[in-house]
Amino acid sequence: MCGIVGYTGNAPAAPILLEGLEHLEYRGYDSAGVAVVSPDKGLQIQKCKGRLQALREKLDSLPPLEGTVGLGHTRWATHGEPNDVNSHPHVSQNGRVAIVHNGIIENYAEIKDFLLHKGVRFRSDTDSEVVAQLLEYCFTDHSDPLDAVYAVLERLEGAYALGILCADRPDMLIAARKDAPLLIGYGGGESFIASDATAIIAHTRQVSYMEDGEVAVLTRAGVQVFDQYRRPVEKQRHTIEWDVSAAEKGGYAHFMFKEIMEQPEALRQTISPRLRDGRLVFDELELPEDRLRDFDRIFLVACGSSYHVGMLGKYNLERFLRLPVEVCLASEFRYSSPLVDERSLVIVISQSGETLDSMAALREAKARGGYILAIVNVVGSSIARESDGVLYTWAGPEIAVATTKAYSTQLVLLTMFGLWMAEKLGRADPEDYAAVTAELALLPAKLETVLADTGVYQYLASQYFNHDCIFYIGRNLDYALGLEGSLKLKEISYIHSESYAAGELKHGTISLIEPGTLVVALATYGQLFDKAASNIVEVKSRGADVVGLTTESFRPRMEQLATHTLTIPDTHPALQPNLGVAPLQLFAYYIALQRGCDIDKPKNLAKSVTVE
Ligand code: F6R
């Protein structure tokens, strides 16, 4: 939520900031702005409502912003509607400081009240503006900007990644972080801050991740970082491994389509380092067998699509491990006094590794003594750093707001981990183990065959794109898979959609089925095909159109039942959802395309949800 980029160096800052913002727009796109500071012109701010393109056009019509130090911001509105005034950067009353902010200042009302009583005039409705105003206020007691920043941070409650410029210090940029991502990039004679590496990868691969409470001072001379007590911190530097092209569209119309098509390769990257000679290996985990044996319960904690991975994971892990597995929405878990203790294995699943709800759930579970294992895509992200163990999905940067390849890699990784653990505990059925591992090796190629021909999804989209409600039904793994299919559809096409456990329809929902209603019936879990078939008949006899998704071996039967039949190759049941999700992604994608939606940046959404 909200993207921040900052630059100090010798080059004009504005073009570098705009280019960086282009890569951060997926984090929020309600408005965009830049602030540049120079010795002659002081602070110069331009910002406006709308996409980055609107800001570009505005800047093109004006004399260039002068200065080699600056900040950029792309906003996902929380407090205050998206408009020009509420856009960042925010400037203090007398124009002494400009700030950009990602997060929520929870006690902003109290600070605002205090400052209003001191005669400060506010311009915006945002929580963020209080930071700029309070900072200027603190300059009355502190002439050194860093003293003033520390005085402000002491009073802030909530989450923030902050970039700060001072009109009378045109050589300097200050950054601060608490519960919102921010990294520092190191170039030759220049340095950067950014919400994520995509914004600066064209300039440097050398980064360090700011920790909560840290403050960084960036000048041409270099970067100094201090902890919350203002003690200097020696930051570890990391090299970004992935290539810049991974974060570009590469000729595809949309990132989402590109990322759907990248799934076979992403699966290879996830599976191959952990599958050797038919055996699962998790070298990256330092989890002794006696610790594994200790666990008497597993919690899968996540949000959104990552939560849907957890839903699928519950079925597979309970089957492999015969241990109780609870799937929890992170936003509920943290306030539910969860029954986590030293014998709990808590698996936090997150693409970004920055989702605030998941992060808070992680801390809650940790405080209760649970062992935290993260399944994360973004290397060095907060969730990865705070966990006891990390399994990276290696899906590469995911830019489209709607997740696809991260979901798929999370799913396969969780399944692999569950089976690995079952084998370590002596609970894996050897035949089943051999069957799953054999199919794991074939999975990427099988997925390629699913993605090879998209014509059928385009055709179905042309038939159903103007429906205003679409149902998904399925049983067991197919039920959990339907939740993801339904979410994909609604988030990018804005069609209302519901997903139900197929057996549950008759307990209420079936009253919504009318002649012509589209029901996407998932029946890829062979063991329950007959049960799913009965549910298909029930909705068809009430006039529904049914798109049935099943495996090749059930194709003839599905063709007798459904209006349209989609098939995927057969694989081991535990891995079947990894093939089943692709048709659902493509169906959603083509429907959104037909409806003219902004697929990579659906309305009201943002990629990395760093607010509660
Ligand atoms: C949906 C989607 C979201 C995320 C959710 C959690 O397509 O992408 O539902 O899955 O916001 O995000 P992460 O996985 O980054 O914690």
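The figures that follow rest on heavy atoms only: side chains count, while hydrogens, waters and symmetry mates do not. First listed ligand is number 1; within each ligand, the first listed atom is number 1.
Using a non-hydrogen distance threshold of 4.0 Å, K488 registers as a contact of ligand 1. The closest approach between L605 and ligand 1 stays at or above 4.0 Å for every heavy atom of the residue.
Residues Y472 and Y500 place their aromatic rings such that the two centres sit no closer than 6.0 Å.
Closest to atom 3 (C) of ligand 1 by heavy atom, among A406, S305, A402, A302, is S305.
Distances below 4.0 Å separate heavy atoms of V401 from the following atoms of ligand 1: 8 (O). Atoms of ligand 1 lying under 4.0 Å from at least one heavy atom of S350, given by number and element, are 13 (P), 14 (O), 15 (O), 16 (O). Shown in contact with S306 at under 4.0 Å from a heavy atom are these atoms of ligand 1, numbered in order with element: 10 (O), 13 (P), 14 (O). Under a 4.0 Å criterion applied to the non-hydrogen atoms of E491, ligand 1 contributes the atoms 1 (C), 7 (O).
In terms of protein heavy-atom proximity, atom 6 (C) of ligand 1 is nearest to C303 O, 3.3 Å. Protein heavy atom at the shortest distance from atom 15 (O) of ligand 1 is S352 OG, 2.7 Å. Scanning the protein for heavy atoms near atom 12 (O) of ligand 1, the closest one is T355 OG1, 3.5 Å. Scanning the protein heavy atoms around atom 11 (O) of ligand 1, the nearest turns out to be V609 CG2, 4.0 Å.
At least one donor-acceptor pair under 3.5 Å links the side chain of D212 to the backbone N or O of D179. Distance alone, capped at 3.5 Å, is enough to place a donor-acceptor pair between the R385 side chain and the G380 backbone.
Counting heavy-atom neighbours within 6.0 Å of D468 CG, excluding the residue itself, gives a total of 12 or less. Around NZ of K314, the count of heavy atoms belonging to other residues, nucleotides or ligands within 6.0 Å exceeds 12.
Annotation: salt bridge (charged side-chain N to carboxylate O under 4.0 Å, His left out) contacts of E284 (sequence neighbours excluded): R274. Not counting sequence neighbours, the partners of H238 by the ring-ring contact (aromatic ring centres under 6.0 Å, His included) test are Y209.
Looking at ligand 1, you won't find any N or O of S358 less than 3.5 Å from one of its N or O atoms.
By the 6.0 Å and 45° rule, K488 does not stack over the aromatic ring of Y589.
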